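Because the structure is predicted, anything quoted here is derived from the model rather than measured. Naming convention: chains lettered A, B, ... in sequence-line order (proteins, then strands); numbering from 1 in each chain.
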Amino acid sequence: MSRARFFVVRSIQTVFLLWVAFTGLFFFFRFMPGDFTNLMLAEGANPDAVAEFEERWGLNDPLYIQYWRYFMNILSGDAGMSIQYRRPVWDMVNTRIFNSFILIAPGITFAYLLGSIYGSIVGTKRGSKLEEFGILPLIFVGSFPAFVTSIILVIIFSSWLNLFPTSGMISPGRQAEFAQLEWYQRYLSLEFVWHFILPFTAVMFRYLYLPTMIMRTSIVEVMGQGFAFFHRITGISKRRQLAHLARHASLPVITVYPISMTRALGGLVLIEVVFNWPGIGNTLVNAVMVRDLPIIQFVFFLVAAYIILANFLVDIVYGIIDPRVSVGAEDA
Amino acid sequence: MGVSAIRDRISSSRDHYIWEDLKEGVLTMVETRSAKIYLGFLLFVLLLGLFGPYIAPYDAEERLRGEGGELLRSEPPSLDHPLGTTNNGYDVMSRLLVGAQPTAAAGLLGGAIIITIGATIGITAGYVGGWVDNVLMRFTDLVYGIPILILAMVLLTFFGMGFWSSVVVIGLILWRGSARAIRSQVLQIKERSFVKAARATGASTPRIMVKNILPNVAPMAVLFLALGIGGTILIQAGLAFIGVVDPFVPGWGIMIRNAHQAGLVGSNWWWSLPPSIMLSLTVVCTFMFGREYEKIASGEQTFAETK
């Protein structure tokens, strides 16, 4: 299979998967018990009002018409109205997505860079005390529930040392001031950085152990290969040797990177709740509590799309770094 | 089959090789010192779960009053209250001891569900093979893609925020890892001669799966039971912290949630820190125990091979 064909096939698969996820989620939420209208009735709403409500939002139409309408709306960038806030879902969600992204992407990327470097160092020091005990603390922190790591950070750095604020992205007193500025200016302010450091650290510590462990195992494996031996006897500098090793050993780490990015979603929700961070996880938790279906459904679709696209991207990147994946696929 | 027949079968199976295997497995588990420490802590939590309510110094549900009759709100640790009191005058130490029970119960039930489903799917897929394997493994892949906390959160709000339901939802998703690992081990075991011999004597597929394959994946099943217990406790506490679990079952997760909801996580550290530490240590010990056990079971060969 040529490389171009590999890319095309994976692209088509990805689009198909997105559609499957979309359709699956639509029907999944349609067949859930206890939707918003039931809740309205249970809370003593007038049945006539509920009927009118259903009429207005087209809830009485056959399912396939509802599906088609929703599908076309999503394609044109309209994700419906939030039932709770009576505002378009997209308006409510877009800055939240960015807030989450700016927390998770730098946090995990930094964890991977740091973990790869530390893992290579530990891996080349085979048999030392560092090798035996150097990773243990990272595994400990990584196994902690995400909210515990955050809470310990809050206790130490906010409560005891009084260095950072406990929650939010902008202090309540300065909300109005930032509301007047352009949306991106708040991310460039010192105020933001101040609130950002603790959640960022929580995300980083939580996901540091995986790249470290994988890099260590991988570099040990690569060190046993012929080229490493060749490099050793030609006597090139240690640093260049390590650079060559790291390049080869980084493949498994790159594969796991998007998995971490997707697995991190659960932890991200918890960290956002602890720090009251105005991200997508907090939005989802609030929407779930009041069963705001349009928001829940759209966030779920975003999560699914995110996972599918991340996997697609890694296949493409992997295909470029290691041609055996794309070109040699027909041997399998 | 009558009741007496079942009892006969159980008593005759007592000296069955499956028990021998299990005993051997348990003994290899505690071969190293760190494994002993991890398992020791887990047993300690289990004992707390059994006897915690009886050794608690105060009634965990009682709002304590001082000598002047005023509520003991947010008292820092003292001799009377080793871990202080909460903002509503509950004794933290007592609540911590009582909270071990739901946590341990959640872990054990979740682990049992996980290993039952995981072993069934893993052994079936691995031994039967063919399209059955294909279907089961694609299904496992699908479950692998689910962000568990997010899905469990939504399922719980729609189907009722109970304590047990939270554990069951977790168990119904978290079997995925054990199914994959057990399948790959079954793929090796089924090529061994004793399985082929059993097949040649005309033993049925279910019989071979239960009598020949199952005992041989038992050590790995124990490992995934440990991981399942830890995983369930971890995620259940997360769900409790979010607030989609019955708040009247006072597990450690709920305790941390209460402190957070009161906005006192930082200032009343004696309230939020102890359950956080107990929870983390429990989870870490299950995971580390699994890792240690894996090391023992694989015979430390990795080091010698790569050298």
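- Interface residue A:Val273: backbone and side-chain heavy atoms are both found under 4.5 Å from chain B.
- Heavy atoms closer than 4.5 Å to chain A are found in both the backbone and the side chain of B:Ile150.
- Considering only heavy-atom pairs separated by less than 4.5 Å from chain A, the leading option among B:Leu156, B:Ile242, B:Ile233 is B:Ile242.
- If you measure heavy-atom distances from A:Val274 to chain B, the contacts under 4.5 Å come from both the backbone and the side chain.
- No other option in A:Ile155, A:Asn276, A:Thr149 has as many heavy-atom pairs under 4.5 Å with chain B as A:Ile155.
- Heavy atoms closer than 4.5 Å to chain B are found in both the backbone and the side chain of A:Leu284.
- Contact count versus chain B (heavy atoms, under 4.5 Å) is highest, among A:Phe147, A:Phe157, A:Phe300, for A:Phe147.
- In this structure, the portions of A:Leu270 lying under 4.5 Å from any heavy atom of chain B include both its backbone and its side chain.
- Put simply, the side chain of B:Pro147 reaches to within 4.5 Å of the side chain of A:Ile307, judged on heavy atoms.
- Around atom CZ of A:Phe205, no more than 12 heavy atoms belonging to other residues, nucleotides or ligands sit under 6.0 Å away.
- A:Ile156 does not touch chain B: none of its heavy atoms, backbone or side chain, sits under 4.5 Å away.
- For A:Ser143 against B:Val283, the heavy-atom pair with the smallest separation is O-CG1, 3.3 Å.
- Here B:Ser276 contributes atom OG and A:Ile151 contributes atom CD1; the two are 4.5 Å apart, rounded to the nearest 0.5 Å.
- With rounding to the nearest 0.5 angstrom, the CG atom of A:Leu268 is 10.5 Å from the CG atom of B:Leu149.
- With a 4.5 angstrom heavy-atom cutoff, A:Val288 touches chain B via backbone and side-chain atoms both.
- More than 12 heavy atoms of other residues, nucleotides or ligands lie within 6.0 Å of CZ in A:Phe27, so this atom counts as buried by the packing criterion.
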